[in-house]
Amino acid sequence: MPLSWNEIKSRAIEFSKEWESESSEHAEAKSFWDGFFNVFGVTRRRLANFEFEVEKRGGGRGFVDLFWPGTLIVEHKSRGKDLNKAHEQAMDYFPGLSNKDLPKYILVSDFERFRLYDIEEKTEVESKLKELNKKVHLFGFLAGYKKQEYKEEDEVNIKAAEMMGKLYDSMVEAGYSGHELNFLLVRILFCLFADDAGIFNQNQFKKYIETRTNEDGSDLGMHLGVIFQVLNTSKNKRQNTLDEELTQFEYVNGGLFSESLAIPALNSKMRNRLLEACEFNWSKISPAIFGSLFQSVKDRDARRQWGEHYTSEKNILKLIRPLFLDGLSEELSACGKNIQKLNAFHEKISNLKFLDPACGCGNFLIIAYRELRLLELELLKQRLGNMPLAFGVKSYIRIKPEQFFGIEIEEFPARIAQTAMWLMDHQMNELASLTFGNNVADLPLGKGVTIFIGNALQKDWEEVVPKNELSYIIGNPPFIGQHLQNSEQKKDMQNIFQGVKGFGVLDYVSCWYIKAAQYIKNTRIRCAFVSTNSITQGEQVSILWNELLKKYCIKIYFAHQTFKWSNEARGKAAVYCVIIGFANFDMDKKFLYEYEDIKGKPHEIKAKNINAYLIEGGDIVISSRTKAISKSPMLIWGNKPVDGGFLNFTDSEKKEFIEKEPQAEKFFRRYIGAEEFLHNKDRWCLWLKDANPEEIKKCPMVIEAISKVKDFRMASKKEATRKIAATPSLFGEDRQPDVDFILIPSTSSENRKYIPMGFVSKDIIVNNSCHIIPDATLYHLGILESEMHMVWVNHVCGRLESRFRYSKDIVYNNFPWPENPGAEKVKTVEKAAQAVLDAREKYPNNSLADLYGPLTMPAELVKAHQHLDRAVDAAYGRKTFANSAERMNYLFELYEKYTSPLISLAEKKSKKLKNG
């Protein structure tokens with residue numbers, strides 16, 4: 001298992017600092033490159049050889065400084081030397097290498113700079129050694145990561161979406177809206193595409209609008225209605241008296257133009273917008289963007305209500321490639337030119353069926369269809385060659401839109417999906433025609449993709465497509481967190497999760513996982529969904545995945561870890577997502593896709609088993625519990641003021657208050673939350689617990705503040721809040737300890753290697769944006785500030801967007817502390833923890849946020865934490881761990897050991913209750 005990107009970055013920082021201080025005369029290339037390879041968790045000697053002898057260009061022999069056959073050549077120079085010459089020297093070795101040993105990369109360096117040449121991509125990147133931690137993604141191949149490339153969206157698609165948005169806006173301004181406007185736009189878009197893609201005669205639609213309609217647009221609506229009526233009428237049923245230009249339009253069929261629409265009253269602005277759209281080349285758009293055109297113009301509140309997040313082609317490929325496309329491509333390659341094998345493979349893919357049970361505008365289905373058609377085209381090339389065919393290519397095309405099925409709750413997106421599939425079918429037919437020299441007729445339209453209109457959670461999926469015929473389930477179901485679900489969606493949740501405790505905290509997308517698991521039971525169907533990352537974090541894991549793993553025997557066989565998912569539509573929706581591929585059976589090949597940068601490209605790594613946290617390891621889920629599984633002090637929330645802000649003050653507000661009412665100074669106490677703790681900010685509160693009522697009465701401004709708190713609480717809709725209006729001088733929930741305590745910010749950046757924690761005086765009032773641990777020692781701080789604990793946090797903790805959201809019942813109470821570490825090891829941890837605090841004290845003017853920034857963490861603090869990590873590892877009985885995955889597997893094993901007796905005890909109690 002490769003090192004995580006955070007570990008690699010941390011090692012890169014250490015390596016850079018070490019070699020920055022190394023003088024030129026003492027610098028040794030072999031030590032340098034051994035250290036460089038170690039940054040990525042690999043041993044140089046196992047992969048690459050120093051001074052590898054090879055024949056040079058032009059004759060003679062030379063020695064490659066460092067050579068990894070088939071992957072990398074390194075040429076190293078003294079500090080300040082010319083790296084271009086180093087590159088030329090490396091290239092001189094190529095003629096002397098066999099084809100299988102030719103490298104993919106050339107790396108040159110002079111101890112201060114490095115330059116990497118990617119020979120296949122024809123790119124080069126240069127950087128200073130001290131910035132290595134920012135460039136580690138370039139060297140993923142060293143760590144064992146496989147770079148995944150996904151096609152970016154073409155600008156033409158975005159331009160097309162915006163153009164359709166303008167047309168929509170102009171019609172809405174005129175009062176033409178709703179169902180009829182939506183269908184009008186679908187039809188116009190089809191006509192625009194048909195005009196440029198060869199379905200109609202070239203510019204037929206455009207010429208008709210230009211020559212037959214008035215410039216003021218007054219008759220444009222009427223003419224559009226006539227065109228639509230003609231497109232819906234077969235040629236043998238059209239009137240003889242029909243305008244000659246209208247008779248040239250083909251019969252479309254397919255139901256697209258069957259419904260009668262009210263004729264819109266249009267004007268010159270709308271006509272100009274339409275003609276402007278006609279000038280655009282619509283044949284170049286991807287039909288997969290078809291949905292985005294309408295996502296960009298629909299009401300944004302409605303879009304969010306149904307949880308729609310338009311999906312780019314780039315992101316769809318992240319799902320369909322590992323789900324089926326990569327495997328099928330490998331099968332096709334294995335067929336070679338063997339006709340029998342190719343025929344059998346063709347038969348197989350022509351019988352595949354796909355279901356998207358939340359298909360929206362059909363993006364996943366359309367891209368899946370396109371990729372399957374492209375695969376079929378490659379198959380036909382291998383089987384038939386590129387020669388023109390006597391009987392036409394159409395007879396060889398066996399992949400059809402009829403192999404694709406969807407379920408969509410709204411009618412309009414379903415219509416879009418059907419239309420977009422017809423457009424994609426046309427583009428694929430055009431490509432086949434170009435390849436083999438035969439034209440494939442498109443019209444009249446056939447049945448196409450089957451879309452059931454209704455609620456997928458209330459529909460029996462077997463009525464859409466029998467499961468014994470289905471191959472794959474794909475899609476991007478609506479996410480919708482618990483607080484955004486409407487009454488109908490909550491009812492769906494209740495129906496799907498009958499008998500499951502705590503399901504109310506789950507995201508709406510969870511329903512599709514259960515529904516799919518029920519449908520695929522005892523089948524070979526493979527599924528993959530895009531989901532919010534929250535279903536793989538925190539409290540949702542145990543509720544959802546206990547059901548999936550235990551009741552339905554689900555196995556995950558590929559997963560994209562958290563990445564940022566965005567789209568091209570107006571008002572972009574950006575969320576933090578995962579992609580999970582799963583089935584009701586196990587398989588040997590499993591893949592994880594890890595992101596060094598959540599906005600960047602993933603790296604593929606092989607895994608033996610993928611658990612619900614989307615890491616390699618056993619199928620363990622961490623359940624919420626109110627008591628800790630280890631012997632550790634209790635973690636509690638800070639104080640909750642429930643004061644409407646009337647009892648807390650900034651520095652300037654406090655100063656102004658005391659200037660006006662100096663006798664109130666004794667009631668002010670330092671007030672701290674996560675923001676103040678991390679960023680060294682000062683804040684104050686009126687702390688009136690045990691204050692003398694007589695003294696309070698002498699402070700009119702304090703009395704006024706208390707009165708405002710009372711009014712604020714009385715105005716609340718919550719009964720519990722109104723009750724505490726009886727004691728308005730006190731915080732709503734008082735948990736202030738009478739001893740010093742450890743403070744843990746409840747939310748912290750995921751970019752920090754460690755969550756900054758520390759001891760806080762009992763005299764400082766802490767609020768509920770923090771957790772606190774009274775009666776804690778240096779040993780407890782040491783364990784919590786260690787890499788061991790942070791690995792646990794990384795994988796188990798819930799997230800707010802991508803930030804850590806630390807919790808008591810999931811993270812802290814389930815954390816397996818060292819088992820009987822012994823007095824000496826405890827002292828060692830305490831000493832190392834104190835050294836971390838001492839290192840912080842050397843920077844009194846810096847905030848914890850500065851000290852723990854990934855690029856600004858001082859060397860002394862880095863070293864202090866490294867010593868602490870080693871001390872904590874020793875407390876766990878280990879000298880070291882190879883990587884985060886090994887640490888996490890160790891912690892999972894310890895968790896199982898600690899919780900097994902608790903589970904047995906709970907089972908005994910349950911049996912006892914049942915038996916009375």
Side-chain angles (χ1 to χ4, degrees), residues 3-18 20-21 35 38-39 41 130 132-133 136 677-680 742-745 748-760 773 776-795 797 804 806 811-812 815 817-818 821 825-844 846-876 878-884 886-888 890-891:
L3 296 176
S4 71
W5 286 111
N6 283 336
E7 288 176 283
I8 291 172
K9 285 181 178 179
S10 179
R11 290 186 179 202
I13 292 170
E14 294 172 39
F15 174 76
S16 301
K17 287 180 178 177
E18 177 186 347
E20 272 182 333
S21 60
N38 184 59
V39 166
K130 64 183 180 182
L132 175 62
N133 64 299
V136 291
F677 178 73
L678 291 172
H679 297 278
N680 272 6
I742 289 175
L743 184 150
I744 304 175
S748 179
S749 171
E750 78 285 0
N751 294 321
R752 300 183 182 116
K753 185 173 181 180
Y754 308 93
I755 295 176
M757 308 175 190
F759 285 103
V760 174
I773 310 175
T777 67
L778 274 169
Y779 171 72
H780 299 121
L781 178 66
I783 299 295
L784 295 172
E785 278 285 33
S786 71
E787 185 173 3
M788 206 68 174
H789 180 245
M790 282 308 302
V791 165
W792 182 261
V793 168
N794 260 296
H795 292 105
C797 193
F804 296 128
Y806 200 90
V811 181
Y812 184 82
F815 177 63
W817 290 64
K825 289 180 178 176
V826 169
K827 286 182 182 178
T828 304
V829 170
E830 289 178 336
K831 185 177 178 181
Q834 184 59 55
V836 168
L837 297 179
D838 293 342
R840 293 178 186 175
E841 289 299 319
K842 292 180 180 179
Y843 299 89
N846 290 91
S847 69
L848 287 171
D850 293 334
L851 293 178
Y852 282 85
L855 303 179
T856 57
M857 195 171 183
E860 299 97 320
L861 188 54
V862 170
K863 288 179 181 177
H865 268 285
Q866 288 169 347
H867 287 305
L868 176 58
D869 289 339
R870 287 194 286 272
V872 171
D873 287 351
Y876 278 98
R878 295 287 295 265
K879 285 186 177 180
T880 187
F881 293 87
N883 51 42
S884 293
E886 191 176 310
R887 285 181 186 277
M888 198 61 200
Y890 177 85
L891 288 171

Requested in this report: Could you list the residues that satisfy ring-ring contact (aromatic ring centres under 6.0 Å, His included) with His789, not counting sequence neighbours?
Outcome: Tyr806, Phe815
Query - Verdict with supporting geometry, Leu868 and Val829, side chain to side chain contact (heavy atoms under 4.5 Å, CB included) - result: CA-CA 6 Å; Leu868 176 58; Val829 170; 4.2 Å; yes
**Report entry** Contact summary for Pro745 and Phe677, nearest pair of heavy atoms
**Finding:** CG-CD2, 3.9 Å
Query raised in the report: Is a donor on one side and an acceptor on the other found under 3.5 Å between the side chain of Lys825 and the backbone of Ala871?
Result: no
Query raised in the report: Excluding sequence neighbours, so at least two apart, what forms ring-ring contact (aromatic ring centres under 6.0 Å, His included) with His865?
Result: Tyr754, Tyr852
Report task. Looking only at non-hydrogen atoms, find the nearest pair between Pro821 and Ala875 and report the distance. Result -> CB-O, 3.8 Å
Query raised in the report: With Gln834, which residues qualify under side-chain contact (heavy atoms from CB on, under 4.5 Å), at least two apart?
Result: Leu778, Leu837, Asp838
Query raised in the report: Should the pair His780 and Trp817 be assigned to parallel (<30°), tilted (30 to 60°) or perpendicular (>60°) ring geometry?
Result: perpendicular
Query raised in the report: Is it true that Glu785 and Arg752 make a salt bridge, defined as a side-chain N closer than 4.0 Å to a carboxylate O?
Result: no
Query - Minimum heavy-atom distance between Pro844 and Asn680, given as atom pair plus value - result: O-ND2, 4.2 Å
Query raised in the report: Below 4.5 Å, heavy atoms only, C-beta onward: do Pro756 and Leu678 meet side chain to side chain?
Result: yes
Report task. Please tell me if the side chains of Glu787 and Val872 come closer than 4.5 Å, counting only heavy atoms from C-beta onward. Result -> no
**Report entry** Interatomic distance, Ile783 atom CD1 to Glu830 atom CD [nearest 0.5 angstrom]
**Finding:** 10.0 Å
Report summary line: Shortest non-hydrogen pair, Val791 vs Ser884, comes out as CG1-O, 3.8 Å
Requested in this report: Go through Met757 and Leu743 one step at a time and tell me if the side chain to side chain contact (heavy atoms under 4.5 Å, CB included) criterion holds.
Outcome: CA-CA 6 Å; Met757 308 175 190; Leu743 184 150; over 6 Å; no
Query raised in the report: Of all residues at least two apart in sequence or in a different chain, which pass the side-chain contact (heavy atoms from CB on, under 4.5 Å) check with Asp850?
Result: Asn846, Ser847
Report task. Could you give me the CA-CA distance, side-chain angles and deciding distance for Val826 and Thr777, then say whether side chain to side chain contact (heavy atoms under 4.5 Å, CB included) is met? Result -> CA-CA 10 Å; Val826 169; Thr777 67; over 6 Å; no
Query raised in the report: Could you give the distance from OG (Ser749) to CD1 (Ile755), rounded to the nearest 0.5 Å?
Result: 10.0 Å
Query raised in the report: Any donor and acceptor pair, going by atom type alone, linking the side chain of Tyr890 with main-chain N or O of Phe881 inside 3.5 Å?
Result: no
Requested in this report: Name all residues meeting the side-chain contact (heavy atoms from CB on, under 4.5 Å) criterion together with Ala12; count only those two or more places apart in sequence or in a different chain, and write none if there are none.
Outcome: Val39, Leu132, Asn133, Val136
Query raised in the report: Can you name the closest pair of heavy atoms from Asn751 and Pro854 and give their distance?
Result: O-CB, 3.6 Å
Requested in this report: Name all pairs fulfilling the salt bridge (charged side-chain N to carboxylate O under 4.0 Å, His left out) condition that reach into residues 858-872, sequence neighbours left out, sorted by first residue then second.
Outcome: none
**Report entry** Non-hydrogen side-chain atoms of Lys753 and Met790 separated by less than 4.5 Å
**Finding:** no
Requested in this report: For Gly35 and Phe15, work out which heavy atoms get closest and say how close.
Outcome: C-CE1, 3.5 Å
Query raised in the report: Is there a side-chain contact between Val811 and Phe804 (heavy atoms, below 4.5 Å)?
Result: no
Query raised in the report: How long is the gap from CD1 on Ile773 to CD1 on Ile744, to the nearest 0.5 Å?
Result: 4.0 Å
Report task. Please test Met788 against Leu891 for side chain to side chain contact (heavy atoms under 4.5 Å, CB included), starting from the C-alpha separation and ending with a verdict. Result -> CA-CA 8 Å; Met788 206 68 174; Leu891 288 171; 3.9 Å; yes
